[in-house]
Amino acid sequence: MSDVKLNPCPFCGSTNIQSDCFSAAFSIPARSEDCFDYCKDCDAQGPAGNDVAEAHDRWNARGPAVASGSRKAAG
């Protein structure tokens, strides 16, 4: 288990983040495993990495969550 603190989901702000890995034997180029972090509340998935540590780094590199209603309408 990694001790890395994952940032909240950049889409919904949830801290309910899970890590998962799957075999990618048929991916091109062939890699032994792809790992990714995802939000269990809104199903947003982070960029895949070769291992859990790389997936965590990529999840945390994403921007912060946008507060609901903080975007202004164009015009």
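One is the number of the first residue; the rest follow in order along the sequence.
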| query | Between CD1 of Ile17 and CG of Asn60, what distance do you get to the nearest 0.5 Å? | reply | 9.5 Å

| said: Given 3.5 Å as the limit, does a donor-acceptor pair link the side chain of Arg58 with the main chain of Ala48, or not? | reply: yes

| request: Answer yes or no: is there a donor N or O on one side and an acceptor on the other, between the side chain of Trp59 and the main chain of Pro47, under 3.5 Å? | output: no

| With Phe36 via ring-ring contact (aromatic ring centres under 6.0 Å, His included) - residues at least two apart | Phe22, Tyr38

| How many angstroms lie between SG in Cys42 and CG in Asn16, if you round to the nearest 0.5 Å? | 10.0 Å

| query | So, Cys35 with Cys21, SGs under 2.5 angstrom? | reply | yes

| How far does OG of Ser14 sit from NZ of Lys40, to the nearest 0.5 angstrom? | 10.0 Å

| task | Could you tell me the separation between the CG atom of Asp37 and the CZ atom of Arg62, rounded to the nearest 0.5 Å? | result | 9.5 Å

